[in-house]
Amino acid sequence: LSNMLPRHVVEYLSLVPPDEVASSAGHIAHHHEQVTILFMDIVGFTNMAVQTSPGDVMGFLNELFTRFDHLVEIHRVQKVETAGDCYIVAAGVLDDDGQGFQELTDGRFNPHGYAKRVMQFAKDMMRESKKAS
């Protein structure tokens, strides 16, 4: 779970009895004022998908998103979601706590730094996209 959820959520889930999680889960939600989010959508994907076999489409997306997943680690952004050909990342919500867990940033870092990390991630996405077949 520590690879998928922030530390406070893992700790919460390990401390709260399972029958109480649903009724008290609102306590783990947080408000973040300075966050940068990137939504990436592949131009022309629908036309490509219609003209290509499902296996080739899935192979292409797997190769492309695997490249992006590697960039997530390099640029210290958080992968939020993939849905079809959409890839979403954020910076300014979580950061590495130095012990292998993700923790809330709580506004301790420079919001301009978040935007810079996401922008560099986007530039590298463009470069990596050209390598995917």
Side-chain angles (χ1 to χ4, degrees):
L1 286 176
S2 65
N3 289 331
M4 300 180 344
L5 300 171
R7 183 179 201 154
H8 75 282
V9 175
V10 174
E11 290 173 352
Y12 174 81
L13 292 174
S14 66
L15 296 173
V16 175
D19 59 330
E20 295 178 23
V21 169
S23 64
S24 62
H27 298 289
I28 60 175
H30 292 273
H31 174 80
H32 299 275
E33 293 196 24
Q34 301 291 330
V35 176
T36 301
I37 300 174
L38 171 89
F39 295 86
M40 185 284 306
D41 194 60
I42 300 171
V43 174
F45 178 78
T46 302
N47 289 336
M48 181 196 79
V50 168
Q51 299 172 11
T52 308
S53 74
D56 287 344
V57 171
M58 293 306 295
F60 170 74
L61 287 176
N62 183 59
E63 179 185 352
L64 183 64
F65 289 174
T66 298
R67 291 176 180 278
F68 294 167
D69 290 346
H70 178 68
L71 295 176
V72 162
E73 300 295 323
I74 293 170
H75 294 289
R76 297 182 2 254
V77 297
Q78 291 77 48
K79 178 179 174 180
V80 176
E81 184 72 54
T82 59
D85 66 318
C86 185
Y87 194 97
I88 306 168
V89 299
V93 178
L94 302 174
D95 215 345
D96 185 16
D97 71 353
Q99 299 175 6
F101 289 95
Q102 295 288 306
E103 66 179 353
L104 294 172
T105 59
D106 293 328
R108 294 172 297 183
F109 302 106
N110 179 353
H112 298 288
Y114 304 146
K116 185 175 180 180
R117 286 185 351 214
V118 170
M119 180 58 79
Q120 189 58 51
F121 176 84
K123 289 177 181 179
D124 285 350
M125 284 177 93
M126 296 296 290
R127 186 192 70 223
E128 290 297 318
S129 296
K130 294 175 184 175
K131 297 177 184 177
S133 54

Got Phe121 and Ile74 here, is their nearest side-chain heavy-atom distance under 4.5 Å? no
Roughly how far apart are Thr82 OG1 and Met40 CE, rounded to 0.5 Å? 9.5 Å
Distance, nearest 0.5 Å, that separates NE2 of His75 from NZ of Lys116: 12.0 Å
Heavy-atom side-chain proximity of Val89 to Arg117 below 4.5 angstrom: no
Closest non-hydrogen atom pair, Ala91 against Val118: CB-CG2, 3.6 Å
Over all atoms of both residues, closest heavy-atom pair of Phe60 and Ala132: CE1-CB, 3.9 Å
Would a hydrophobic clustering, with Ile, Leu, Val, Met, Phe, Trp and Tyr connected at side-chain separations under 4.5 Å, put Leu64 with Ile88? no
Are side-chain heavy atoms of Tyr87 and Asp69 found at a separation under 4.5 Å? yes
On a heavy-atom basis, the closest approach of Ala90 and Val35 is CB-CG1, 4.3 Å
Test applied, side-chain contact (heavy atoms from CB on, under 4.5 Å); reference residue, Lys123; option that passes from Arg127, Met119, Met125, Met126: Met119
When you look at CE of Met48, are more than 12 heavy atoms from neighbouring residues, nucleotides or ligands closer to it than 6.0 Å? yes
For Asp85 and Ile42, indicate whether the former's side chain and the latter's backbone hold a donor-acceptor pair under 3.5 Å. yes
Tell me, do Val77 and Thr36 make a side-chain contact under 4.5 Å, heavy atoms counted? no
Note: Val57 and Ala49 closest approach over all heavy atoms is CG2-CA, 3.8 Å
At their closest point, which heavy atom of Phe68 faces which heavy atom of Ser129, and how far apart are they? CZ-OG, 3.5 Å
Separation between CD1 (Ile37) and CD (Gln78), nearest 0.5 Å, reads 10.5 Å
